[in-house]
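Count residues from 1 along the sequence. Nothing here was measured: the structure is a model prediction, and the numbers come from that model. Atoms within each ligand, like the ligands themselves, are counted from 1 in listed order.
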Amino acid sequence: MNSQTRNVNLGGTYTPTGTSLTFKRIGYGAIHLSGPIAWGPPKDREAVTAVVREAVRCGVNHIDTSDYYGPHVANRILKEALYPYPTNLAIVTKVGARRGADKSWPKALSRQELIDAVHDNLRNLSLDALDIVNLRLGGQFGPDDSSVEAPLSVLAELKQQGLVRHIGLSNISHAQFNEGSKITEIVCVQNHYNLAHRNDDGLIDDLAAKQIAFVPFFPLGGFRPLNSPVLDSVAHSVGATTRQVALAWLLQRSPNILLIAGTSSVEHLHQNFHAADLKLPAEAIAQLDGIAAATP
Ligand SMILES: NC(=O)c1ccc[n+]([C@@H]2O[C@H](COP(=O)([O-])OP(=O)(O)OC[C@H]3O[C@@H](n4cnc5c(N)ncnc54)[C@H](OP(=O)(O)O)[C@@H]3O)[C@@H](O)[C@H]2O)c1
């Protein structure tokens, strides 16, 4: 172990079935290693490099990324900051979209686009194999009802070739998960979920029963930060920040939830880690459970 490594409470561990990966429950989301709306270079490359190094120094052992962040920017910064990677670090990436020159996010789900995306990730991260690749489906505003069969079969082939160790799904419906899990082993699902956006409550419980990880994206609301008087009041009553309460609520929601909040600030990173030290009382949970019902 690196002598500078710190042992921070990251909320215990979780091992999805079919893997030997012992994930700390708090990881890191790398989208802010690229510029605003995941386009171009970050405002301060040195600062975000320090954030990702600090995350790993504090014991984070999974980082969510994609080669389409930038594009190519987040992965190259991860490599520059961390290579050679610690042996226990899982880098989790996504394929299924690409960036248009106008900063759009067209789907990239053809056989060749998926193969190219896996190779882009391997090359820019300097890896021989990717720990987990999430197949990102659906649109900007959530899942669609397309079949997962064709694109998922391509990833299953790449897994057989040894380029991908494990497969996950992202931005999918419960029905798409059911379809996908008949095609290949799914070890994690990464969907939009937080205190105010709880469409996946049933899916989370199903995945927990099957020992599959659920990794919420936008855990703090993403581009539209969570904002609620109830959240403010609970945060005040437990002596924490609203972000810490939102993350602690996710940790307490289900043991299969892994966090990948994104930040470009070391201060925010440390604040987010403290969510693991916060035990929300039942009364606070009941109040927070009301936020989703009140959100249009
Ligand atoms: N599968 C998908 O389709 C998909 C989509 C979006 C994101 N993702 C993944 O999910 C991860 C998380 O999503 P996200 O980063 O977009 O949204 P998020 O984690 O909900 O929120 C990130 C925002 O919150 C701010 N923040 C973080 N910690 C804070 C703190 N302690 N206090 C105040 N502000 C704080 C960050 O700003 P600062 O930089 O100022 O801290 C940033 O603007 C991403 O990094 C990415 O890896 C996946």
Side-chain angles (χ1 to χ4, degrees), residues 26-39 42-45 47-52 54-55 60 62-70 73-75 77-78 90-99 105-109 117 121 132-144 168-173 176 188-197 200 213-227 231-232 235 240-250 257-278:
I26 298 185
Y28 175 72
I31 195 168
H32 305 288
L33 300 187
S34 51
I37 326 280
W39 183 263
K43 202 167 63 188
D44 186 340
R45 193 178 178 104
V48 295
T49 300
V51 173
V52 75
E54 179 65 5
V60 160
H62 59 104
I63 295 179
D64 180 75
T65 185
S66 177
D67 207 60
Y68 54 68
Y69 292 159
V73 174
N75 278 351
I77 291 179
L78 280 178
I91 298 187
V92 180
T93 192
K94 295 178 284 296
V95 296
R98 63 180 173 80
R99 300 309 296 274
W105 301 79
K107 289 181 189 172
L109 293 168
N121 278 283
I132 302 185
V133 176
N134 283 314
L135 176 64
R136 209 276 186 193
L137 295 160
Q140 207 184 335
F141 301 105
D144 58 27
L169 290 168
S170 179
N171 203 32
I172 52 133
S173 66
Q176 287 172 315
C188 57
V189 170
Q190 185 181 119
N191 272 7
H192 182 181
Y193 183 82
N194 58 44
L195 263 177
H197 188 97
D200 279 339
F214 182 87
V215 187
F217 72 76
F218 296 159
L220 299 172
F223 302 119
R224 294 174 59 202
L226 293 171
N227 183 13
L231 182 54
D232 291 343
T241 70
T242 54
R243 269 75 170 201
Q244 287 165 333
V245 169
L247 295 176
W249 177 84
L250 285 167
I257 290 187
L258 302 177
L259 300 186
I260 53 160
T263 180
S264 54
S265 147
V266 168
E267 191 187 348
H268 289 170
L269 181 81
H270 287 151
Q271 288 172 4
N272 294 346
F273 291 160
H274 282 301
D277 301 321
L278 188 61

Show which atoms of ligand 1 fall inside a sub-4.0 Å distance from at least one heavy-atom site of T263.
27 (C), 38 (P), 39 (O), 41 (O)
Polar proximity ligand 1 side, D64 side, N/O cut 3.5 Å exclusive:
yes
Modelled atom types, side-chain donor and acceptor of D277 and H274, under 3.5 Å
yes
Check whether any side-chain heavy atom of L278 lies under 4.5 Å from a side-chain heavy atom of V245, and answer yes or no.
yes
Please state which option from L220, N191, N134 has its nearest heavy atom closest to atom 24 (O) of ligand 1.
L220
Only heavy atoms of G29, strictly under 4.0 Å: list the atoms of ligand 1 that pass.
45 (O), 47 (O)
N171 (side chain) donor-acceptor with R136 (main chain) under 3.5 angstrom:
no
Where is the nearest protein heavy atom to atom 13 (O) of ligand 1: which residue, which atom, and how far?
F218 N, 3.5 Å
Kindly check if the number of other-residue, nucleotide or ligand heavy atoms within 6.0 Å of CZ (F223) is above 12?
yes
Looking at atom 42 (C) of ligand 1, what's its closest protein heavy atom, distance included?
H32 NE2, 3.7 Å
Polar-atom distance check: T65 versus ligand 1, any N or O pair below 3.5 Å?
no
Using a strict 4.0 Å cut-off to heavy atoms of G221, name the atoms of ligand 1 that fall inside it.
20 (O)
Check: of E267, H274, Q190, H268, min heavy-atom distance to atom 30 (C) of ligand 1 comes from H268
Atoms of ligand 1 under 4.0 Å from any heavy atom of G222, numbered from 1 in the order shown, are 17 (O), 18 (P), 20 (O), 21 (O)
Looking at D67 and R98, is any side-chain nitrogen of the basic one under 4.0 Å from a carboxylate oxygen of the acidic one?
no
Hey, are the side chains of S170 and L137 touching, using non-hydrogen atoms and a 4.5 Å cut-off?
no
Where do A275 and Q244 come nearest, in terms of heavy atoms and distance?
CB-O, 3.6 Å
For a side chain to side chain contact (heavy atoms under 4.5 Å, CB included) with H62, tell me which candidate from V215, L258, L259 qualifies.
L258
Are Q190 and D64 linked by a side-chain donor-acceptor pair shorter than 3.5 Å?
yes
Starting from atom 22 (C) of ligand 1, locate the nearest protein heavy atom and write down its residue, its atom name and how far away it is, to 0.1 Å.
G262 O, 3.3 Å
Using a strict cut-off of 4.0 Å, indicate which atoms of ligand 1 neighbour a heavy atom of I31.
15 (O), 16 (O), 44 (C), 45 (O), 46 (C)
Go through ligand 1 atom by atom and flag the ones less than 4.0 Å from a non-hydrogen atom of A261.
19 (O)
What protein heavy atom is closest to atom 31 (N) of ligand 1, reported as residue, atom name and distance in Å?
N272 OD1, 2.8 Å
Which of the ligand 1 atoms, numbered from 1, are nearer than 4.0 Å to a heavy atom of A30
45 (O), 47 (O)
So, regarding S265 and ligand 1 (criterion: nitrogen or oxygen to nitrogen or oxygen, under 3.5 Å), is there a contact or not?
no
Charged tip of R99 within 45° of W105 ring normal and under 6.0 Å:
yes
Taking N or O atoms only and a 3.5 Å limit, does K94 qualify as a polar contact for ligand 1?
no
Parallel, tilted or perpendicular, as decided by the 30° and 60° cut-offs, for the rings of F217 and H192
parallel
Against heavy atoms of I260, which atoms of ligand 1 measure under 4.0 Å?
9 (C), 10 (O), 11 (C), 12 (C)
